[in-house]
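Here's the structure, in structure tokens; my notes come after.
Chain naming here is simple, since letters A, B, ... match the order of the sequence lines and numbering starts at 1 in each. Keep in mind it's a predicted model, so treat the numbers as computed, not measured. Because only heavy atoms are used, hydrogens play no part in the values below, and waters and symmetry mates are left out as well, while side chains stay in.
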There are 2 protein chains.
Amino acid sequence: MSTFRRKKRSYHHGDLQAALIRTAGKMLEKEGVEALKLREVARRAGVSHNAPYRHFAEREALLAALAAEGFEWLGAAQRKAAEAGGLRGMGEAYVHFALTQPQRFRLMFGGQISIAKHPQLREVATKTFEALAGALCARVPEAQGAGDSSIAAWALVHGLAQLLLGGRISSVAKRGRDDATFVREVLASVRFVARAPVA
Amino acid sequence: MSTFRRKKRSYHHGDLQAALIRTAGKMLEKEGVEALKLREVARRAGVSHNAPYRHFAEREALLAALAAEGFEWLGAAQRKAAEAGGLRGMGEAYVHFALTQPQRFRLMFGGQISIAKHPQLREVATKTFEALAGALCARVPEAQGAGDSSIAAWALVHGLAQLLLGGRISSVAKRGRDDATFVREVLASVRFVARAPVA
DNA sequence: TAGCATAAGTAGACAATGTCAACATTTAGG
DNA sequence: CCTAAATGTTGACATTGTCTACTTATGCTA
């Protein structure tokens, strides 16, 4: 289970910051962002309602930390998929990440966290994206239009994740296929070209 | 400007429901979903803090109404683009919608509105999506794999919109192109195929 | 046209939350 | 060992969503 600090009730916690992130992470996935109240997190962590403020300037800062953690996980997943396989594998891993941790994914891309206000988040996200873009560029077949094709590839998987996550894809379109198969086949229906078509 | 009911301060408003949606819509785009407090909307509409409850069971119901309105607008925009042009035009219109009304778009797809709890929203959204899917199927070049290709096309534009909206696309990737051009060229870098590739 | 049911709006109350300020307790460094 | 900086705690406040009870206007019916 989770590491227990503060076995003996002591004034100081030991590593409250990590504990808060851990607790908040669970709450996030189980009950959604809306349910992620600062006071409730404190309660579950067994500290006073104001203790979190020693580690996070405001609620949004905690959310930012969770999002940052998410970007690191996503980055790791993509790195792994990139090593193992090619473009398709990365795409599948991307969607898999989103479907496995929907609330986290929403938090990361929902836009409710002011990107300007949390430079640390910006940095982590940027790093992840740059790695992603690099891996994509190296793998998109048409090196000529690699730039745009990479963006297109990213947008494709990102959009697919988002739509699946929102339950926007009708069952008729899925034709009974499970998520993984569906994703694989949808992604397979796309090709990238080097240059813009004539018209 | 906006239609003024309740010129003479009368007990009844005339059409508060519409007024609330109008006011909330402005607030949404100007200040974001978070700032959309029920009491503030009431205040700006010039009614008591409880008046909205005669028209919306809860805060989320007002959000649902705004989202529904958004889906209708999006549907209309897509219909218009479908008449005017082809697949590319529709895609560009989709992204344009998102970039023009970012907060609305986020509300529509952010997942913070319980879809199960608001059947009316579900209905409007479904109707829009079915029309969209139909139009796509009719326009995706490869009729054989039209189903998956349509989903892919939708996911592509949706994801592109989302990424642009979140400022996730680095300026280097955009290479100085304005949004419209960038979108057009990214979308042009993709082709749809009839069947899954051999590997 | 009078009267009444109902829709629409108001007033007040309550618990919960985010956040601030002031105070308490550890911990660590000199 | 003693003191400053971290880290937690208590208490307070404004704001919000939402409930209940009350008031006023509207429109139907007799």
Whole angstrom value for the distance that separates P of dT10(D) from CZ of R43(A): 14 Å
Qualifying residues under side-chain contact (heavy atoms from CB on, under 4.5 Å), relative to E29(A), sequence neighbours excluded: Q101(A), P102(A), Q103(A), R104(A)
Length of the line joining L16(B):CG and dA25(D):P, which is rounded to integer Å: 16 Å
V183(A) side chain near V186(A) side chain, heavy-atom distance below 4.5 Å: no
Contact under 4.0 Å: H55(B) side-chain N or O vs dG9(C) OP1/OP2: yes
Spacing between F56(A) atom CZ and dT19(C) atom P, to the nearest angstrom: 13 Å
Nucleotide dA25(D), atom C1' - distance to CG of D15(B) in whole Å: 16 Å
Sugar-phosphate, base or nothing in reach of E40(B), heavy atoms under 4.0 Å: nothing
Under-4.0 Å side-chain N/O to phosphate OP1/OP2 contact, R59(B) with dT15(D): no
Extract all donor-acceptor atom pairs below 3.5 Å that involve side chains of residues 50-61 of chain A and protein atoms in other chains or at least two apart in sequence.
from: E58(A); atom 1: OE2; to: K117(A); atom 2: NZ; distance (Å): 3.4
from: R59(A); atom 1: NH1; to: L36(A); atom 2: O; distance (Å): 2.5
from: E60(A); atom 1: OE2; to: S114(A); atom 2: N; distance (Å): 3.3
from: E60(A); atom 1: OE2; to: H118(A); atom 2: NE2; distance (Å): 3.0

Salt bridge (Lys or Arg N to Asp or Glu O under 4.0 Å) partners of K37(B), counting only residues at least two apart: none
Bend angle of the helix from dT1(C)-dA30(D) to dG30(C)-dC1(D), end axes from five pairs each (to 10°): 0°
Atom pair distance, as rounded to whole Å: CG in L62(A) and C1' in dT19(C): 15 Å
Anything under 3.5 Å between a protein N or O and an N or O of nucleotides 19-21 of chain D, put it in a table, one pair a line.
from: dC19(D); atom 1: N4; to: N50(B); atom 2: OD1; distance (Å): 2.9
from: dC19(D); atom 1: N4; to: N50(B); atom 2: ND2; distance (Å): 2.4

Listed once per pair and sorted, the salt bridge (charged side-chain N to carboxylate O under 4.0 Å, His left out) pairs that draw on residues 75-86 of chain A, sequence neighbours left out: none
Show which side-chain atoms of residues 162-170 of chain B pair as donor or acceptor with protein atoms under 3.5 Å away, not counting sequence neighbours.
from: Q162(B); atom 1: NE2; to: F109(A); atom 2: O; distance (Å): 3.2
from: R168(B); atom 1: NH2; to: M108(A); atom 2: O; distance (Å): 2.7
from: S170(B); atom 1: OG; to: A173(B); atom 2: N; distance (Å): 3.2

Without placing hydrogens or testing angles, list every side-chain donor-acceptor pair under 3.5 Å for residues 92-99 of chain B, not counting sequence neighbours.
from: E92(B); atom 1: OE1; to: R184(B); atom 2: NH1; distance (Å): 3.4
from: Y94(B); atom 1: OH; to: W154(B); atom 2: NE1; distance (Å): 3.0
from: Y94(B); atom 1: OH; to: H158(B); atom 2: ND1; distance (Å): 2.8
from: H96(B); atom 1: NE2; to: T100(B); atom 2: OG1; distance (Å): 3.4

Pairs where residues 21-47 of chain B contributes a residue and the test ring-ring contact (aromatic ring centres under 6.0 Å, His included) is met, not counting sequence neighbours: none
Under the salt bridge (Lys or Arg N to Asp or Glu O under 4.0 Å) test, residues paired with R43(A) that sit two or more places apart: E40(A)
Between C1' of dA16(C) and CD of E58(B), the distance in whole Å: 17 Å
Test side chain to side chain contact (heavy atoms under 4.5 Å, CB included) applied to L28(A) and L62(A), I21(A), V33(A), the passing residue: V33(A)
Interface with DNA chain D, restricted to residues 28-39 of chain B and to heavy atoms under 4.0 Å: K37(B), L38(B), R39(B)
Sequence-distant partners of E72(B), side-chain contact (heavy atoms from CB on, under 4.5 Å), two or more places apart: V124(B)
